[in-house]
Every structure is written in structure tokens, then in C-alpha cells.
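Encoded as C-alpha cells, the structure appears first; notes follow it.
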Amino acid sequence: MLDCVGKKKKLQKQYQKQLEEARKPTFAKMFKLFIKTFLLFAVLLVLMTLGIFYGLGVLKNWWAQLAVYGAAYVLLQPWLMSDFRPPPPKGLKK
């Protein structure tokens with residue numbers, strides 16, 4: 001039992017080191033974040049344009065567009081920021 005606790009503590013320390021390292025911004029990570037965000041908003045732009053074309057007049061409103069962009073960003077934020085947070089080791093998963 002004690003051995004298991006020691007392993008868990010060691011894994012926790014290792015994961016904290018990985019988190020500290022992963023949170024450091026680098027040019028590659030920032031560029032990848034920019035590309036992901038750009039693609040997300042480009043896809044949303046095309047989908048909303050098609051929605052307006054097919055009769056969803058509510059999307060012509062600026063506030064509705066802002067709400068769609070905001071909701072998509074909040075929902076997809078874990079995917080966008082995945083480079084800055086590595087997955088936890090298997091021993092720490094709950």
C-alpha cells in the first residue's frame with residue numbers, strides 16, 4: 001500500500017513538471033494555436049453564411065453571430081489549448 005502512495009506522489013511530481021514545461025509559450029505552440037483558431041472561425045463563417053443563405057435570418061444579427069462565435073470558442077477551448085496541457089499519466093487518471 002505504501003509503495004502505491006509513493007508511486008502516485010512520484011507521478012504527481014512528474015506531471016507537475018510536464019505541466020510547467022508545457023505551459024511555456026513557444027513560437028510553434030503559438031503558431032499552432034493561431035492556425036486552429038483561424039480554422040475554427042473560418043469554418044463558423046462558412047456555416048453561418050450557408051445558414052443565412054438557407055433562411056436563418058437570425059444569423060444576420062451581429063449579436064447572434066457573436067454568440068455563435070463565443071459559444072464555439074468556449075466549447076472547443078480544450079481542443080484549442082491542448083498543446084499547453086499534456087494528458088495526465090495513467091496512474092493519476094480518476
Side-chain angles (χ1 to χ4, degrees):
M1 174 109 183
L2 291 175
D3 187 38
C4 184
V5 173
K7 275 187 179 180
K8 204 166 212 169
K9 220 173 198 180
K10 188 176 180 180
L11 280 175
Q12 184 67 29
K13 271 188 173 180
Q14 182 183 11
Y15 182 56
Q16 287 302 322
K17 275 187 178 181
Q18 286 176 348
L19 278 178
E20 288 173 16
E21 189 65 33
R23 287 182 179 152
K24 293 179 183 175
T26 62
F27 178 76
K29 288 180 189 176
M30 297 304 285
F31 185 70
K32 198 171 180 183
L33 176 64
F34 171 76
I35 295 297
K36 284 180 177 181
T37 306
F38 180 78
L39 288 174
L40 170 67
F41 286 102
V43 167
L44 286 174
L45 173 70
V46 169
L47 290 175
M48 285 194 292
T49 303
L50 287 173
I52 291 170
F53 180 73
Y54 284 114
L56 287 175
V58 71
L59 291 177
K60 289 181 183 178
N61 186 348
W62 186 82
W63 289 105
Q65 292 175 1
L66 185 65
V68 169
Y69 283 128
Y73 187 80
V74 168
L75 290 174
L76 294 174
Q77 198 261 351
W79 172 71
L80 290 171
M81 301 301 282
S82 63
D83 294 330
F84 295 94
R85 185 164 184 97
K90 291 184 181 187
L92 289 178
K93 289 186 180 177
K94 294 178 182 175

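All values reported here derive from a predicted model rather than from experimental measurement.
A continuous path of Ile, Leu, Val, Met, Phe, Trp and Tyr side chains, each step under 4.5 Å between heavy atoms, connects V46 with Y54, placing both in one hydrophobic cluster. By the criterion of side-chain heavy atoms lying less than 4.5 angstrom apart, applied directly or through intervening Ile, Leu, Val, Met, Phe, Trp or Tyr residues, V68 is grouped together with Y73 in one hydrophobic cluster. Linking ILVMFWY side-chain heavy atoms closer than 4.5 Å, directly or via other members, places F41 and F34 in two distinct hydrophobic clusters. Linking Ile, Leu, Val, Met, Phe, Trp and Tyr residues whenever their side-chain heavy atoms come within less than 4.5 Å places V58 and L45 in a single cluster. Residues L50 and V43 do not share a hydrophobic cluster, defined by chaining ILVMFWY side chains whose heavy atoms lie under 4.5 Å apart.
When all heavy atoms of P25 and M30 are compared, the pair lying nearest together is CB-SD, 4.1 Å. Taking each heavy atom of L59 and G51 in turn, the nearest pair found is CD1-CA, 4.3 Å.
Looking at Y69 and L40, their side chains never come closer than 4.5 Å, going by heavy atoms from C-beta outward. In this structure the side chain of T26 never reaches within 4.5 angstrom of the side chain of F31, judged on heavy atoms. Residues D83 and K36 form a side-chain contact, since some pair of their non-hydrogen atoms from C-beta on lies under 4.5 Å apart. Residues Y15 and L11 fail the side-chain proximity criterion, which asks for heavy atoms closer than 4.5 Å. A heavy-atom distance below 4.5 Å is not found between the side chains of K32 and I35. Contact annotation: the side chain of K60 never approaches that of Q65 to less than 4.5 Å [non-hydrogen atoms, C-beta and beyond].
Distance check: L80 CG to L75 CG gives 11.0 Å after rounding to the nearest 0.5 Å. Note that CG of N61 is 13.0 Å distant from CG of L56, once rounded to the nearest 0.5 Å. With values rounded to the nearest 0.5 angstrom, L39 atom CG is found 12.0 Å from L76 atom CG. Atoms CZ and NZ, from R23 and K29 in turn, are 10.5 Å apart once rounded to the nearest 0.5 Å.
Hydrophobic cluster membership of L66, counting Ile, Leu, Val, Met, Phe, Trp and Tyr whose side-chain heavy atoms lie under 4.5 Å apart directly or via other members: W62, W63.
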Legend entry - Pair F53-M48, side chain to side chain contact (heavy atoms under 4.5 Å, CB included): steps then yes or no: CA-CA 8 Å; F53 180 73; M48 285 194 292; over 6 Å; no
Inset, instruction - List the steps, then state whether salt bridge (Lys or Arg N to Asp or Glu O under 4.0 Å) holds for E21 with K24. - result: CA-CA 6 Å; E21 189 65 33; K24 293 179 183 175; 3.6 Å; yes
